[in-house]
Amino acid sequence: MAEKDADIQKIKELIRIMKENDLVEIDIQHGDDRVALRRAQPQQTTAFGPIMTAVPGAGSPILMSQGQAAAQIPTAAKNEGLLEIKSPIVGTFYETPSPDSDPYVEPGTRVDSQTVVCIIEAMKVMNEIKAEVSGTIVERTVKNGQAVEYGQVLFKVRPD
Amino acid sequence: MAEKDADIQKIKELIRIMKENDLVEIDIQHGDDRVALRRAQPQQTTAFGPIMTAVPGAGSPILMSQGQAAAQIPTAAKNEGLLEIKSPIVGTFYETPSPDSDPYVEPGTRVDSQTVVCIIEAMKVMNEIKAEVSGTIVERTVKNGQAVEYGQVLFKVRPD
Amino acid sequence: MLSRILVANRGEIALRIIRACREMGIASVAVYSEADRNAPYLRLADEAICIGPADCNQSYLNIPRIISAAEITNVDAIHPGYGFLAENANFAEICSDCGIGFIGPPVEAMKLLGDKVEARKIAKKVKVPIVPGSEGVVPNEAEAMKLANQIGYPIIIKAVAGGGGRGMRVVHNDISLRAAFNAARTEAEAAFGEGAVYIEKLIVEPRHVEVQVMADQEGNVVHFFERDCSIQRRHQKMIEESPCPVIEDRDRQKLADCAIRVIKEAKYVNAATVEFLLDKDNKFYFIEVNTRIQVEHPVTEMVTGHDLIKWQIRIASGQPMKLRQKSIKHQGVAIECRINAEDPANNFSPSPGTITRFIAPGGNGVRVDTHVHQGWTVTPNYDSLIAKLIVHQKTRAEAIATMRRALQEFVIEPIKTTIPACLEILSHNLFVKGKVDTGFVERNL
Amino acid sequence: MLSRILVANRGEIALRIIRACREMGIASVAVYSEADRNAPYLRLADEAICIGPADCNQSYLNIPRIISAAEITNVDAIHPGYGFLAENANFAEICSDCGIGFIGPPVEAMKLLGDKVEARKIAKKVKVPIVPGSEGVVPNEAEAMKLANQIGYPIIIKAVAGGGGRGMRVVHNDISLRAAFNAARTEAEAAFGEGAVYIEKLIVEPRHVEVQVMADQEGNVVHFFERDCSIQRRHQKMIEESPCPVIEDRDRQKLADCAIRVIKEAKYVNAATVEFLLDKDNKFYFIEVNTRIQVEHPVTEMVTGHDLIKWQIRIASGQPMKLRQKSIKHQGVAIECRINAEDPANNFSPSPGTITRFIAPGGNGVRVDTHVHQGWTVTPNYDSLIAKLIVHQKTRAEAIATMRRALQEFVIEPIKTTIPACLEILSHNLFVKGKVDTGFVERNL
């Protein structure tokens, strides 16, 4: 959404304003128009670094079913810097090419963009899913045979 | 959105106000009108007078009829520092004790808390309204014979 | 027809009356206290006048200020809504003295039926069954004792001027009667400024069933069927429905006839509700008349298709009803849940605060009457009712299903509301079967 | 009865279907695009599945993804709502191949009636009046010219596969026919991938009147009376009402009978709308059948008391209707206004944005169907419909009064909506008198 770019612009502008004016807090709400500013207390004296590093909630949690939604929120923090392989379609996830085979990939497997990492079955068709990124598989985040929705994270990858 | 630019402008203005007035917090809400200011803690430097005396919009505009509401907003700014004599009841405002008399007060009249400034007729009873403040009448804000509601400003007074 | 009406109330019922006026092409004047200054419904009135500070005694209960507001805005009449001044005969009298119409009953009828002892006498006179009890005020403990033994325990002591459960005591034997009699008198005196009490036999586990009646100035009286309001907590109704799920058509007809006889005998005009208790054998007993429109009137509007507020206004304008009883049909089932800003998990204590998220239910069969919205602040100054949720369906089972889904989709945050309590009741096996009485909530919630 | 339904749609109609499922005790599965991820109605479904990015072609119009979602959630059936895949016979066929129920007509009936030329043939066969015109596709300009002179100008050229006014041309004489014929073919080819066109006589200043029909799998067919949808802008309906204010009961009966004959002949099952034009002499002409539930279905629900979505689900479950025609009563008048995020002051251009203030109307006689709330962001990806406001009253005058007050109290800020345009129409002398036709909006707004 173009709106997000506008938001970034606004945040940058606000941070500049905060720094120049020694503000420690700005709080804006549009629904019912709130503005809240806070300047540094005198005893806090000098400068501090850029406070606004991690913007939380950039992607809202995926709502799969009421129960699961909440469970997926907390992973963000500890996995900082990891890449995600997401499902490009809706279907059923399989980690192996056939029931008796070994998994395509496991934690520790090196992948590049062309590596097939799993199969997703949709409408009786087995779709091979490629990694699209390079790195090392850190975690599989869905179970074999599990239904996955569009955009659902399948693997986490530590980039090279 | 143009609204966002307006926000930036507004914030700059608020910062100026904060600096000039040594405020550490401003909190404004429009939906249900909130204004909250916070000044520096006492240990910060020494005392100054209550700078923000006339907080604009502390009382929202009186909604008499749809047309009039808006008209009453802008007067706040130019009348900074003035006191207001408000109607304590609902009724009809008369500036004179009887049709042929002179007005109780006019711009320039000195009043003290006991001075009768007008009559408000409610349920056929003539109620003498006292100034409750001391100072000099600057302006009468309602017309003779006009219906007034509870809390409506009748006169503005420059305090001694 | 009246051309300009002042609405002497606030919140949802003020909005309800303003809406009726708008639809009828009648100008409306809203009054408000400083606490309600920013209420959006005020802009729907043609004029809005501040009459005082938040305290009701200086605003919504302040007769001189309301009359002054009516005078300076040149209204023809005042609609009092429910609560506040709606059953205040003194206010109705002052309106009359000032030449302002009162959208409600004549002063005499209001006084007569407002006195519960007199109301009982009228019912008795027109052969409407009443709960066995004293002929009138019971002057002292000795008389009370004598009477109690005559009609048999358990009995209930009630304040003549009462309402809302105050000055009321249930007594099971001579010993507890001794303590309760004077306590009830003292409480009534404190609450209503009038200590007189009377005694009735206690109907065990009764249902509360009431008949909506409307009378015009020419003596035409019709009923709009009954409402069952047995779901109460501490004598405060929580859920109301129509029809009463347990009575047969023949009894329904009898009940309505009785209500009409009382109203006619009292020479009553405008909207009234005649309240009955229904015992376990479906025998009914008259208890009192409410001389105003009631909170739960939308239930009746849904099942009959009649706008009761508009009828009140037409009647107060002097129009004859031109409405035959048999043209008033009862269709389907309607249920109302009162959504109060109260915390069911904390003994229903008030839960004021600013509503930061508000999503009202909608869709087929759903009506919402509310003056609040996202951003509204519920102040502790007034009644905690913030919304009425009403559903209408062909059958009771469908109405319950619709109410449940509507309650489930109703979002009001972060304040606590009675939504979870209503949902619990709507899901309760006994409620679903219609097997409830006025003690249901205390026993099951 | 079906036990688990996937709702292959978004916005208010998705919510409408989820509500019906909840009330029927049927589990529902919502699908959503990334643009709708935070829609609050998703939490009312028992499950919600993301099927793709905002672009419809990759989400709500993407058949494999929707079928996959249905498969992994084990639903019995899919409800397509209106728009998107609702009239896509290929989709219905795939559902059938995959053993998933399609809550709509059989593939054959959908194909048959979806082809306007075939639909005309059916109508003609069962003696339903049709607009004079070509027997079928008009292959070339010469044929068009011959035919035009036979039935008389003005004529209208329409795409066989068409809808929404695309591939449509009005022609008043031979000269303009020459230019228009090929232009219409080219436009139809571009819009629908199929350039075939046919020709009809232009009915001057017609009303648009449509009959709601429901057919079960055993061949029972009933109608739920008609809707008048003459208030249109560029062939998009803005306001709908029932009954049609200008037709007599005898004609109403004839109209409904004609609709039923077409539906029976097509061996149709489930909900359909049979559309007619009504000329100035109140003669009616069949034009087409919509093989789905329609946006304006609540108008019919209000006047008949029947929940059409629930009927669709029951019929798709294989239940016989057990509904006699004469038990379906038409009561009062209902009107619907479509509230779109469009700016009437700026040629109805889309007005996306975040809604920072939202106060829905309520009270007696008012129904609101909306998926939006304060804080909702209207994205430019989809249809601009954000709410449907429906009123029901005893008379048309009262319904208009209620709609006006409801529109006046509806607050949606800061985006622009069609509320002011609807209010203008509701206040227009000709609308109030019921003297409108499909050109009313273009001429008067």
Under 4.5 Å from any heavy atom of chain B, what part of C:Ile94 do you find: side chain, backbone, both or neither?
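Interface part for C:Ile94: side chain.
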With a 4.5 angstrom heavy-atom cut-off, is it the side chain or the backbone of C:Glu34 that approaches chain B, or both, or neither?
side chain
Flag the pair B:Tyr150 / C:Ser33 as yes when at least one side-chain heavy-atom distance between them is below 4.5 Å, and no otherwise.
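No. Closest side-chain heavy atoms not under 4.5 Å.
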Under a 4.5 Å cut-off applied to non-hydrogen side-chain atoms, are B:Lys124 and C:Glu71 in contact?
yes
Which pair of heavy atoms, one from B:Val90 and one from C:Ile49, lies closest together, and at what distance?
CG1-CG2, 4.3 Å
What is the minimum heavy-atom distance between B:Met123 and C:Cys98, and which atoms define it?
CE-SG, 4.4 Å
Around atom CZ of B:Arg110, are there more than 12 heavy atoms from other residues, nucleotides or ligands closer than 6.0 Å?
yes
